[in-house]
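See structure below.
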Amino acid sequence: MPEGHTVHRLAQAFNDQFAGKHMDASSPQGRFVDGAALLDGHKLVRAEAHGKQMFMLFSGAIWLRVHLGLYGMWRFAGDGLEKIGRRRRGPAEQEQTFPPEPRGAVRLRLLTGLHVADLSGPTACEVLSTSEKSLAMQRLGEDPLRKDSDPDKAFSKFHASRTSIALLLMRQDIVAGIGNIYRAELLFRARLEPHQPGRAITEPVWQAMWVDLSKLLKDGVKTGRILTTEKADRSRQSGALRRDDMNYVAHRAGRPCHICGNDVLSEALGGRTLYWCATCQIG
DNA sequence: GCTAAATGTTGAT
DNA sequence: TCAACCTTTAGCT
């Protein structure tokens with residue numbers, strides 16, 4: 001269940017552990033048999049993330065585009081790779097044999113001598129040519145985690161729009177990588193009322209949001225989690241952190257705002273749930 | 001064991 | 001604007 005930070009983290013993992021190696025590719029689930037056949041035996045050259053999409057380059061100028069969507073995930077096994085995923089495995093599920101049996105519906109399995117990566121539930125998993133890959137990248141907006149990102153380009157789209165900032169922030173052709181949680185937390189941290197139009201955002205406010213978003217995303221890549229509150233910051237050393245304290249408003253509808261104590265609100269907006277505090281977010 | 005919800009996108013209405 | 005798609009898992013019983 002990924003926002004941009006997860007995908008960058010995954011790309012990093014592939015670059016660290018799989019790049020330069022030849023892959024046995026298969027589709028245990030059977031829904032990507034043809035695609036897997038195209039990749040089979042090829043070397044992974046590198047992986048790169050742009051927003052929530054990952055592009056993997058294989059020898060022979062073959063690209064694989066993977067979008068995890070709402071429920072997609074990679075599951076790793078082999079030399080120390082279990083740690084890449086955020087979730088810890090219980091003692092009962094320690095794998096004894098390598099490679100392990102595919103768990104659940106595995107669309108694509110990439111296997112080296114030492115490592116295995118199993119992909120399940122992706123929204124998109126397709127083999128592309130170089131030009132098709134470029135085309136897919138062109139449709140994506142600015143990703144703060146990429147060196148080539150330009151906040152001004154995103155700002156000009158906000159500046160021209162009457163659409164609410166809550167909706168604009170989710171648009172991957174404007175800013176790539178933000179999902180429902182980063183949206184909610186970014187707006188809270190900026191104390192911005194979510195329903196105001198994009199054109200109401202001034203340039204300095206946007207610049208500050210961009211800086212904050214970059215920090216949150218980088219932090220997310222490092223930790224594998226979206227931690228946005230002061231309490232979360234403080235507990236980095238002390239350890240224990242309650243779920244309710246990890247974020248200000250995301251998934252906290254009806255619970256007291258960490259700052260003012262009033263109920264956090266939620267509403268359906270564009271098919272997703274928007275969370276915000278009407279008392280704190282008045283900017 | 002079952003159900004609902006989930007950090008998302010696409011395409012039809 | 002809404003439903004379809006795809007799969008896992010948290011939170012119930």
Side-chain angles (χ1 to χ4, degrees), chain A residues 1-11 27-32 35 49-55 65-76 84-90 92-93 101-109 117-126 135-137 139-141 143-145 163-164 166-189 213 216-229 232 242-244 246-255 266-276:
Chain A
M1 303 124 205
E3 297 193 24
H5 68 300
T6 309
V7 182
H8 279 264
R9 198 176 158 81
L10 286 164
S27 179
Q29 172 207 43
R31 290 190 50 177
F32 192 58
H50 192 140
K52 300 171 190 168
Q53 315 224 11
M54 183 163 68
F55 299 91
R65 179 177 79 95
V66 173
H67 194 304
L68 294 175
L70 193 49
Y71 359 82
M73 65 180 292
W74 286 98
R75 198 191 303 271
F76 295 93
I84 292 169
R86 188 151 58 69
R87 267 165 247 289
R88 251 188 254 138
R89 52 174 55 202
E93 32 179 333
E101 279 298 304
R103 218 182 328 159
V106 174
R107 182 84 55 93
L108 170 65
R109 162 167 279 197
D118 283 345
L119 172 66
S120 62
T123 281
C125 172
E126 58 177 354
L135 217 69
M137 294 263 287
R139 289 192 233 108
L140 295 170
D143 177 351
L145 288 172
T163 304
S164 70
L167 285 173
L168 289 173
L169 282 175
M170 295 283 273
R171 287 210 5 212
Q172 302 302 303
D173 58 340
I174 300 179
V175 178
I178 296 179
N180 206 19
I181 294 186
Y182 278 119
R183 164 178 74 174
E185 297 301 300
L186 188 65
L187 286 171
F188 183 91
R189 287 163 62 98
L213 174 61
L216 289 177
L217 282 167
K218 273 182 204 150
D219 199 58
V221 174
K222 213 177 299 169
T223 65
R225 308 203 290 176
I226 307 181
L227 301 177
T228 54
T229 60
R242 291 182 308 163
R243 171 182 281 284
D244 196 55
M246 299 195 307
N247 302 123
Y248 284 112
V249 290
H251 288 299
R252 298 195 65 249
R255 306 193 61 75
S266 71
E267 78 179 17
L269 181 66
R272 312 301 304 284
T273 307
L274 171 68
Y275 304 90
W276 84 107

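Chain letters run A, B, ... following the sequence lines, proteins first and then strands; every chain starts at 1.
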Query - Interatomic distance at C1', C:dT1 relative to B:dT7, whole Å - result: 22 Å
Query raised in the report: Taking atom P of C:dA3 as reference, at what distance in whole Å does atom CG of A:L70 sit?
Result: 16 Å
Report summary line: Winner on side-chain proximity to A:T123, out of B:dG8, C:dT9, C:dT7, is B:dG8
Query raised in the report: Within the distance-only criterion (no hydrogens, no angle test), does the side chain of A:R252 pair as donor or acceptor with the backbone N or O of A:Y248 below 3.5 angstrom?
Result: yes
Report task. Ignoring backbone atoms, establish whether A:K52 has a side-chain N or O less than 4.0 Å from OP1 or OP2 of B:dT7. Result -> no
Report task. Please report, rounded to the nearest Å, how far the P atom of C:dT9 is from the CG atom of A:L68. Result -> 13 Å
Query raised in the report: Rounded to whole angstroms, how far apart are CZ on A:R31 and C1' on C:dC5?
Result: 8 Å
Report task. When you get a sec, tell me which of C:dT8, B:dG8, B:dT7 is the closest nucleotide to the side chain of A:S120? Result -> C:dT8
Query raised in the report: Between B:dT10 atom P and A:D173 atom CG, what is the distance in whole Å?
Result: 10 Å
Query raised in the report: For A:R243 and B:dA6, what is the distance between atoms CZ and C1' respectively, to the nearest whole Å?
Result: 11 Å
Requested in this report: Please tell me which of the listed nucleotides, C:dT7, B:dG8, B:dT9, lies nearest to the side chain of A:Q172?
Outcome: B:dT9
Report task. Keeping the roles fixed (side chain from A:H50, backbone from A:G141), state whether a donor-acceptor pair exists under 3.5 Å. Result -> yes
**Report entry** Toward the 5' end of DNA chain C, by each residue's nearest nucleotide, A:G104 or A:G271
**Finding:** A:G271
Query raised in the report: Please give, in whole Å, the distance from B:dT7 C1' to A:L10 CG?
Result: 13 Å
Report summary line: Separation of B:dA6 atom C1' from A:H251 atom NE2, nearest Å, is 7 Å
Query - Inter-nucleotide P distance (C:dC5, C:dT9), Å rounded - result: 22 Å
Query - Any A:H67 side-chain N or O less than 4.0 Å from OP1/OP2 of B:dG8 - result: no
Query raised in the report: Hey, does A:R139 reach any base, or is it just sugar-phosphate, or nothing, if we go heavy atoms under 4.0 Å?
Result: nothing
Report task. Give the rounded distance in Å between these two atoms: CG of A:D118 and C1' of C:dT8. Result -> 14 Å
Query raised in the report: With distance as the sole test, does A:Q172 use its side chain to make a donor-acceptor pair with the main-chain N or O of A:M170 at under 3.5 Å?
Result: yes
Query raised in the report: Can you check side-chain contact (heavy atoms from CB on, under 4.5 Å) on A:H8 and A:L217, steps first, answer last?
Result: CA-CA 9 Å; A:H8 279 264; A:L217 282 167; over 6 Å; no
Query raised in the report: Hey, does the side chain of A:R272 come within less than 4.0 Å of B:dT7's phosphate (OP1/OP2), counting only N and O?
Result: yes
Report task. With A:H251 as reference, evaluate A:N180, A:I181, A:D244, A:T273 under the side-chain contact (heavy atoms from CB on, under 4.5 Å) test and give the passing residue. Result -> A:I181
